[in-house]
> 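Before anything else, here's the structure in question.
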Amino acid sequence: FGPSLGWGWSSVFAAVFHAVSAFCNAGFSLFADSLERFRGSLPVNLLISLLIVCGGIGFAVISNLKEASLARLGSGGRPATGPRLSPNTRLVLTGTAILIPGGLLLFYALEHGHSLRGLGLGTQYLAAFFQSVTLRTAGFNTVPMGGLRAPTYLFMIAFMFIGAASGSTAGGIKINTVGIILAYVRSLLRDQENATLFRHMIAKELVLRALLIFLFGTVAVLAGTLLLSVFE
């Protein structure tokens, strides 16, 4: 933030404030335009995105990654006999690896001739990447939110509805919930008795809980949309 605010305590405070806000997926910014002034700054975009992702994957995933990495290092690169990546960690990392590139491509495809028009190609992709990451309910933005196309708003709503991981600082119904539901749907299509993820059977109680969370989330969104349409 130094080049924008001038090197001093104000830039240090802004850096600490936005770092905490990003990791907590809070989205609070000290600037009236959020982070639009840093749209072309690669360091700011990458650091804020990294903090958002770290806060969004959840503390259990971070702990499991640490334990598995230490076990792998202790075994000299050979297959570790200690802690390994849990199915929950693999589900969260897989979902994150799908949603971020998917959001980037969708945002760029829908907005490259609209809100991103006039920007350099590199800045367009950087802005699309940042918006894809921040849709994990972080709330920052580097492009004006008031001038997007209707299809963009719809896919943004879907991404925010999913959110990030269980036990994280982000909101949404969680990647874990969506993953369990998709695994259950796959088991139905394949006429399998039990739903599985990464060769692990999912308890029926977890499937029912995931479906209930999805139902409550959908009802809450529809009720909120109805109230907004009536009073706004």
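Excluded from the calculations below are hydrogen atoms, water molecules and symmetry mates; all remaining heavy atoms, backbone and side chain alike, are included.
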> Going by side chain to side chain contact (heavy atoms under 4.5 Å, CB included), name the residues that satisfy it together with Y108, two or more places apart in sequence or in a different chain.
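Residues passing side chain to side chain contact (heavy atoms under 4.5 Å, CB included) with Y108: H112, L116, L121, Q124, Y125, A128.
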> In Å, rounded to the nearest 0.5 Å, how long is the span from OG1 of T89 to CG of N64?
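It comes to 3.5 Å.
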> By the rule that ILVMFWY residues connect when side-chain heavy atoms come within less than 4.5 angstrom, directly or transitively, which residues belong alongside L30?
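Members besides L30, by chain and number: F13, F17, F28.
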> Of all residues at least two apart in sequence or in a different chain, which pass the side chain to side chain contact (heavy atoms under 4.5 Å, CB included) check with L99?
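In terms of side chain to side chain contact (heavy atoms under 4.5 Å, CB included), with neighbours along the sequence ignored, L99 is linked to R136, F159, I162, I175.
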> Any pair with a residue in residues 209-227 that passes side-chain hydrogen bond (donor to acceptor under 3.5 Å, both in side chains), sequence neighbours left out, goes on the list, sorted by first then second residue, please.
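Residue pairs with at least one partner in residues 209-227: there are none.
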> Holding to side-chain hydrogen bond (donor to acceptor under 3.5 Å, both in side chains), I want the full list of residues that pass it with T169, two or more places apart in sequence or in another chain.
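N25.
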> Contact between L35 and T134 at the side-chain level, heavy atoms closer than 4.5 Å - yes or no?
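No; the side chains remain at least 4.5 Å from each other.
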> Only pairs at least two apart or in different chains count here, so list each ring pair (Phe, Tyr, Trp, His ring centres under 6.0 Å) that has a residue in residues 199-232.
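Residue pairs with at least one partner in residues 199-232: F161-F214.
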> Mind checking what makes side-chain hydrogen bond (donor to acceptor under 3.5 Å, both in side chains) contact with S29, not counting sequence neighbours?
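S29 satisfies side-chain hydrogen bond (donor to acceptor under 3.5 Å, both in side chains) with H18 only.
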> Distance check, rounded to the nearest 0.5 Å: I62 atom CD1 versus I57 atom CD1?
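Rounded to the nearest 0.5 Å, the CD1-CD1 separation comes out at 4.5 Å.
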> Report the residues that fulfil side-chain hydrogen bond (donor to acceptor under 3.5 Å, both in side chains) with N176, sequence neighbours left out, ordered by chain and then residue number.
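Partners of N176 by the side-chain hydrogen bond (donor to acceptor under 3.5 Å, both in side chains) criterion, ordered by chain and then number, come out as N88, S166.
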> Could you list the donor-acceptor pairs under 3.5 angstrom formed between side-chain atoms of residues 138-154 and any protein atom two or more places apart in sequence or on another chain?
{"from": "N141", "atom 1": "OD1", "to": "S34", "atom 2": "OG", "distance (Å)": "3.4"}
{"from": "N141", "atom 1": "ND2", "to": "E36", "atom 2": "OE2", "distance (Å)": "3.2"}
{"from": "N141", "atom 1": "ND2", "to": "V143", "atom 2": "O", "distance (Å)": "2.9"}
{"from": "T142", "atom 1": "OG1", "to": "Q131", "atom 2": "OE1", "distance (Å)": "3.4"}
{"from": "R149", "atom 1": "NH1", "to": "L110", "atom 2": "O", "distance (Å)": "3.1"}
{"from": "T152", "atom 1": "OG1", "to": "E111", "atom 2": "OE2", "distance (Å)": "2.5"}
{"from": "Y153", "atom 1": "OH", "to": "M145", "atom 2": "O", "distance (Å)": "2.5"}
{"from": "Y153", "atom 1": "OH", "to": "L148", "atom 2": "N", "distance (Å)": "3.3"}

> How many angstroms lie between CG in L104 and CZ in F130, if you round to the nearest 0.5 Å?
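It is 12.5 Å, given to the nearest 0.5 Å.
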> Who are the side chain to side chain contact (heavy atoms under 4.5 Å, CB included) partners of L226, not counting sequence neighbours?
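Listed in chain order: S229, V230.
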> Would you compute the distance between atom CD of Q192 and atom CE of M201 and round it to the nearest 0.5 angstrom?
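Going from CD on Q192 over to CE on M201, the span is 12.5 Å.
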> Could you tell me which non-hydrogen atom of T177 sits nearest to which non-hydrogen atom of A210, and how far apart they are?
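Smallest interatomic distance, heavy atoms only, reads CG2-O, 3.4 Å.
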> Hey, are the side chains of K174 and V92 touching, using non-hydrogen atoms and a 4.5 Å cut-off?
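Answer no - side chains too far apart.
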> How long is the span from the CG atom in L85 to the CD atom in E67, to the nearest 0.5 Å?
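Atom-to-atom, L85:CG and E67:CD are 10.5 Å apart.
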> Quick test of your reading: applying side-chain hydrogen bond (donor to acceptor under 3.5 Å, both in side chains), list the pairs with at least one residue in residues 48-58, sequence neighbours left out, ordered by first then second residue.
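As it turns out, there is no side-chain hydrogen bond (donor to acceptor under 3.5 Å, both in side chains) pair with a partner in residues 48-58 once direct neighbours are skipped.
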> If I compare all heavy atoms of S168 with all of A165, which pair ends up nearest, and what's the gap?
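Taking every non-hydrogen atom into account, OG-O, 2.6 Å.
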> Return the set of residues passing side chain to side chain contact (heavy atoms under 4.5 Å, CB included) with T94 (not counting sequence neighbours), or none when no residue passes.
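Partners of T94 by the side chain to side chain contact (heavy atoms under 4.5 Å, CB included) criterion, ordered by chain and then number, come out as I98, F198.
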> Does any non-hydrogen side-chain atom of F129 lie less than 4.5 Å from one of S132?
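Counting from C-beta outward, S132 and F129 never come under 4.5 Å.
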